[in-house]
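Only one structure is covered here, and it is reproduced in the block below.
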Amino acid sequence: MKRTTTAPPVGEVPTAFGISTAPDGVPVAPMLSMFDPMFIGIDEFGQAVTLDLVFHNILVGGEPGGGKSGLLNTITAYAAMADNTRLVLFDGKLVELGPWMDIADEFVGPDLEHALSVLRRLQVVINNRYAWLRAQRRRKLDRQDRMSVILVVLDELALYSATYGTKDQREEFDRLLRDVVARGRACGVPVVAATQRPSVDIIPTSLRDLFGYRAAFRCTTINSSDIVLGRDWASQGYSASDIDPENRGMAYLLAETGVPRRIKAAYLNDAEIYQIADYMAWIRRTNTTALSGTAA
Amino acid sequence: MPKFSGRGNRRGFSRSGGTVTVLETRVHRSSARNARVAFILTTIVIALLTMTIASDYMNPVLALLLAAGLGPIVGALVWVVVRIWPVLRVLWWWTPEITSALALVYGWLWFADATDLVVRLIVVAALGGSFAIPPVRRRVWAVVLCLFVRHRLRVCFAQFIIANQSGTLPFILMARPTPVGERVWIYLRPGLDLTYLQASAEKIAVACSAAQTVIERVNPSNAAFLRVDIKRREVLTATVKPGLTDLVGADGTPIDDTTAVIAPSALDLPDVADPAVKAAKPATTRTVPPARPAPGPVFQPTSVTSADGEDVSDLIDF
């Protein structure tokens, strides 16, 4: 539902807010919420698949071209349009999550030291939030707290955990990320991580097993599928290696049901991603040039 | 299934001693026994209640006589209902079809009395023409299939899914269309479980003329409440849109608030000199770091010349 109000005449646009032009109305935030179920696709019966992502971490795996980044962009787009939500994005390739760079509170490119710095900050935020929750005599954040949800999205996790930087830096990255994944869930810092094959040489098993939700896109081998989904699901008939290579975006999702189910992830093309990203950047009005100019 | 025939028929599925006859016999016996039990219980309960209540208003002997008369009468009514319950159940199963047929016949009669021939022809043509519209046709066909699969599921339960000693079938609840086929909710009687039904999923798919049948539990706290998904089509090959673009402006969003990206100019291998890579490589890095080419001068073509030597810069957006 598009929420716009009638556009005032151009001359009456409140330029004090830095709006120089209005396309067809005064922008109003979509008012989605991370505390509501997030639509990510359909299941094999054509029914909507939603995730309660604010209190869960999700690990996305699969071969290149399987649809991992499509799911990541859908999740990121929803979060970008959600009320009181901050984005912390890690993308070594720059192009997968790059469209959201302007509205992300932190965007980490191929720079492991920057990644470490951001994770250390998140760790402090988590510490402070738990101290705050303890002061409130509570154990979990909820919608009424009006505290921001900080969504951490990592595309190609292996770049940070096994490729960039020194061994000490990578170990510190694993340590910090494990802490964020382990403790961030209940205080509004969910993590979405994607990698091609989350085997032990890419991320430690202790870190991998902390992800409650799993999404396995097309995998080249049965073993790879089991690494993503966990346990011995392939022997029970749930193997992402059976997915048709031509059917991009199809995946096995292991979430609330406790059993993997086949889904087709929703997909945004580049134009749609930039359409949403530009609109959300416009709403946020991060560029204060016009405001400064007006004030002057 | 000879073990249920009660006659040790070695030919198994022959018509003289087949499963169908045996099941119907069991249902028949169950109905007679249930009717008898219902008659006795109802008679006793009604008689006791009548005697208890009536004794407050009349002589206890008269109350006893009244109870002795009223109890068997009500018991007999209950006996009749229970005895013909298999017939009532069949009528209940076919209620949608019977109701639709009656509505169609009596509706048409009323319509024919109230209108003349021209109006009737126009209405019939309009109704018939609406079936030429694919969405309408698909909707109607989907509803018809919902009715169809409920009957087919009932056949499955009666024919090859053995329920219990009395031969009672599961409750087949609502059915509704889904993008891939139909979804039917059922409530199991004692004697069946999810695993048993899942083992027969392929047979159910055949009976429903479907590609696949998936049976799942609806409510984790109730093992008897199941959902049967009958799949006739594949939807996972479709492109799914999250609908988020409907929430933002279609186009024309100002991009003043986005950061201008300076594109590097060294986009081909000969454009990147070896010293530049070495300079960008951190001394402490063991593996090959990401290529972070130093921001070079932005490519700013000053003019473009066509094949015939004409400057066409004004015709191209850089």
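Below, read A as the first sequence line, B as the second, and so on, with proteins coming before strands; counting in each chain starts at 1.
- Here the closest non-hydrogen pair linking Asp229(B) and Phe45(A) is CB-CE2, 3.3 Å.
- For Arg233(B), no part sits under 4.5 Å from any heavy atom of chain A, backbone or side chain.
- Across every non-hydrogen atom of Gln275(A) and Val248(B), the tightest pair is NE2-CG2, 3.7 Å.
- Lys264(A) approaches Ala238(B) most closely through the heavy-atom pair NZ-O, 2.6 Å.
- Chosen from Glu246(A), Arg262(A), Met101(A), Glu44(A), the residue pairing most often with chain B at heavy-atom distances under 4.5 Å is Glu44(A).
- Of all heavy-atom pairs spanning Pro242(B) and Thr74(A), the tightest one is CB-CG2, 4.0 Å.
- Interface residue Ile263(A): only backbone heavy atoms are found under 4.5 Å from chain B.
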field: Residue pair Leu32(A), Leu247(B): steps toward the side chain to side chain contact (heavy atoms under 4.5 Å, CB included) verdict
entry: CA-CA 10 Å; Leu32(A) 302 177; Leu247(B) 302 173; 3.9 Å; yes
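- Atom-to-atom distance recorded for Asp244(A):CG and Thr237(B):OG1 is 9.5 Å, nearest 0.5 angstrom.
- With a 4.5 Å cut-off on non-hydrogen atoms, Tyr78(A) touches chain B through its backbone and its side chain both.
- With a 6.0 Å radius and a threshold of 12 heavy atoms from other residues, nucleotides or ligands, Glu202(B) has its CD atom at or below the threshold.
- Using a 4.5 Å cut-off between heavy atoms, Asn269(A) touches chain B through backbone and side chain atoms alike.
- Residue contact with chain A, scored on non-hydrogen atoms closer than 4.5 Å, involves the side chain of Lys231(B) exclusively.
- The shortest heavy-atom contact between Leu244(B) and Ala77(A) is CD1-CB, 3.6 Å.
- Within the 4.5 Å cutoff, side-chain heavy atoms of Phe39(A) are placed close to those of Val240(B).
- At a 4.5 Å heavy-atom cutoff, Ala48(A) makes no contact with chain B through either its backbone or its side chain.
- Heavy atoms from other residues, nucleotides or ligands lying under 6.0 Å from CZ of Arg139(B) number 12 at most.
- Heavy-atom minimum distance, Val180(B) versus Gly46(A): CG1-N, 4.3 Å.
- With a 6.0 Å radius and a threshold of 12 heavy atoms from other residues, nucleotides or ligands, Tyr196(B) has its OH atom above the threshold.
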